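Take a look at the structure below.
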Amino acid sequence: MRGACACAVVCALVALCAARLDESARAAAEKQLLALLGLPRRPPPRARPPPVPRALRVLYDSRALPAAAANTARSFHHTPTPLDERFPGDHRFRLFFNVSGVPADEVARGADLSFQRAVGTTGRQRLLLYDVVRPGRRGHSEPILRLLDSVPLRPGEGIVNADALGAARRWLKEPKHNHGLLVRVLEEDAASVSRDAKFPHVRVRRRVTDEEEEWRTAQPLLMLYTEDERARASRETSERLTRSKRAAQRRGHRAHHRRKEAREICQRRPLFVDFADVGWSDWIVAPHGYDAYYCQGDCPFPLPDHLNGTNHAIVQTLVNSVNPATVPKACCVPTQLSSISMLYMDEVNNVVLKNYQDMMVVGCGCR
Ligand SMILES: *[C@@H]1O[C@H](CO)[C@@H](O)[C@H](O)[C@H]1NC(C)=O
Ligand SMILES: *[C@@H]1O[C@H](CO)[C@@H](O)[C@H](O)[C@H]1NC(C)=O
């Protein structure tokens, strides 16, 4: 009866957990699951889990991504380049973030650049953030800059954020044309003549006197939020479903059936997937495992309301009760699933935070 029932991620995990799987079946299950998770291959094993960037850990604990529709978060720091020497001052710097490891199917949904405060500054300043669309060539051409954000800086505590989404979107589409971001900090005085800030309120670059350790926490941080192909497809499907469900409710079509209790009726059952058991604890940084649940049980005739049957399942169950040889009963499958968050290593050993949809069964039903 359950043989024909389809399932996705949870089934692949269940298959991996089954101890009796032979090597080739196990490899096939792992391949399928990696594809579902959007990974080309298993990240290389590591002896020790890598340090998780603080910003990612905070996001993981908060269980929500700040950018709408995003299901993935990565953090980046400036990659030092020989060009850095052309920007000796503290008020103007080119930041380069190497986002080349982001898979091609991901679309940028948010990009927040955050700066730490410098101590002991006064007065009014303004931070300007530009996308370097085309770098200048000495003695030949001026650079082409596009203003991304303009942030007023007042003396005070706390992190300063600027929006770099316009640039991040472009970098993911045309990786060859990532020429970095230009940051400028200007004085804002009454005469409204903008001068370079001598003592910027925020730290845009490393000073020669900065210790490595000190700079690590003070340097600008880019949080990039993306949505991958699978998440986009499933969001669009669920938006369509919500629309058609509302339409169906308006039409008031709802079949009614009597309740009848049975012992092995379709319901959600416990299943804990331990990533150590499937040999993945070396690249899944957190969680160690999770409650996936599964659906199992009979879909009896007449189909009770609480079994979340579709009109089609009701009809199929009816036909089966009349003539069991023609069609099987409806299947007990997940009807509502929820997502979980995972911190994992990508192929170049960066820690990535992703929300994976449809990983945990919330409700079962007959379909
Ligand atoms: C960006 O990182 C990739 C590996 O992650 C490396 O191959 C590439 O050279 C880097 N690009 C720059 C401009 O640093
Ligand atoms: C039917 O769906 C609802 C909501 O998703 C859920 O609470 C309920 O447990 C489901 N029924 C069964 C039998 O799982």
Side-chain angles (χ1 to χ4, degrees), residues 1-2 5 7 10 39-41 43-44 46 50 53 72 74-86 94-104 106 131-132 135 167-168 170-172 174-181 219 222 224 226 238 241-242 245 248-249 254-271 283 291-314 317 329-339 344-352 357-367:
M1 173 209 326
R2 292 183 64 236
C5 300
C7 66
V10 175
L39 296 170
R41 63 189 73 82
R46 287 172 57 109
T72 310
R74 291 180 179 80
S75 65
F76 297 91
H77 288 135
H78 168 63
T79 308
T81 67
L83 267 181
D84 293 1
E85 286 159 28
R86 287 205 211 160
R94 172 189 167 273
L95 290 166
F96 178 76
F97 300 101
N98 188 348
V99 298
S100 68
V102 177
E106 297 191 15
D131 180 12
V132 182
R170 205 173 61 75
W171 300 337
L172 294 191
E174 336 165 353
K176 281 206 197 79
H177 297 114
N178 177 356
H179 307 295
L181 300 170
Q219 66 184 320
L222 178 74
L224 177 63
T226 56
S238 82
L241 281 180
T242 313
K245 205 186 228 169
Q249 274 165 1
R254 204 90 203 129
H256 256 277
H257 285 277
R258 273 177 296 123
R259 274 177 186 224
K260 181 183 154 209
E261 295 308 318
R263 247 179 297 144
E264 278 301 315
I265 209 118
C266 175
Q267 61 178 274
R268 190 177 81 155
R269 291 155 204 272
L271 165 68
W283 64 275
D291 285 304
Y293 301 100
Y294 70 103
C295 297
Q296 191 180 29
D298 191 21
C299 292
F301 171 79
L303 211 52
D305 269 356
H306 71 277
L307 290 188
N308 298 320
T310 52
N311 289 347
H312 178 271
I314 291 166
T317 311
K329 283 184 181 176
C331 285
C332 178
V333 294
T335 51
Q336 197 188 346
L337 294 152
S338 71
S339 60
Y344 68 92
M345 308 296 304
D346 68 8
E347 285 181 273
V348 288
N349 275 344
N350 285 325
V351 178
V352 178
Q357 284 175 327
D358 301 347
M359 289 288 282
M360 183 193 282
V361 177
V362 176
C364 299
C366 294
R367 293 289 152 98

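Just so you know, ligand 1 is whichever comes first in the structure, and atom 1 is the first atom listed for that ligand. None of these values were measured; they are calculated from a predicted model. In this chain, numbering begins with 1 at the start of the sequence shown.
To the nearest 0.5 Å, atom CG of residue Asp346 and atom OG1 of residue Thr72 are 11.0 Å apart. Taken from CG in Leu172 to CD in Glu106, the straight-line distance is 8.0 Å, to the nearest 0.5 Å. Note: Ile314 CD1 to Leu307 CG = 10.0 Å, rounded to the nearest 0.5 Å.
Closest to atom 8 (C) of ligand 1, if we only count protein heavy atoms, is Asn98 ND2, 3.7 Å. Annotation: atom 6 (C) of ligand 2 to nearest protein heavy atom, Gly363 CA, 4.1 Å. Regarding atom 4 (C) of ligand 2, its nearest protein heavy-atom neighbour is Gln336 OE1, 3.3 Å. Of all protein heavy atoms, the one lying nearest to atom 5 (O) of ligand 1 is Val348 CG1, 3.9 Å.
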>> Go through it in stages, so that I can follow the logic: the residues are Asp131 and His179, the test is side-chain hydrogen bond (donor to acceptor under 3.5 Å, both in side chains), and I'd like the CA-CA distance, side-chain angles, deciding distance and then a yes or no.
In response: CA-CA 8 Å; Asp131 180 12; His179 307 295; over 6 Å; no

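Using the six-membered ring where Trp is involved, Phe97 and His78 have ring planes that are perpendicular, over 60° apart on the 30 and 60° scheme.
Within the 4.5 Å cutoff, no side-chain heavy atoms of Leu181 are placed close to those of Arg94. Within the 4.5 Å cutoff, side-chain heavy atoms of Val361 are placed close to those of Pro334.
By the 3.5 Å distance cut-off applied to N or O atoms, Asn308 is counted among the residues near ligand 2. The shortest N or O to N or O distance between Arg268 and ligand 2 is not under 3.5 Å. In terms of polar-atom proximity, Cys364 is counted as a contact of ligand 2, with an N or O under 3.5 Å from an N or O of the ligand.
Atom 14 (O) of ligand 1 lies below 4.0 Å from at least one non-hydrogen atom of the protein.
Sulfur-sulfur distance for Cys332 and Cys366: not below 2.5 Å, with no disulfide indicated.
Within the 4.0 Å heavy-atom cutoff, Ser100 counts among the residues contacting ligand 1.
Of all atoms in ligand 2, numbered sequentially from 1 with element shown, those under 4.0 Å from a heavy atom of Leu307 are 13 (C). In summary, the atoms of ligand 2 found under 4.0 Å from a heavy atom of Cys266, numbered by their order in the structure, are 13 (C).
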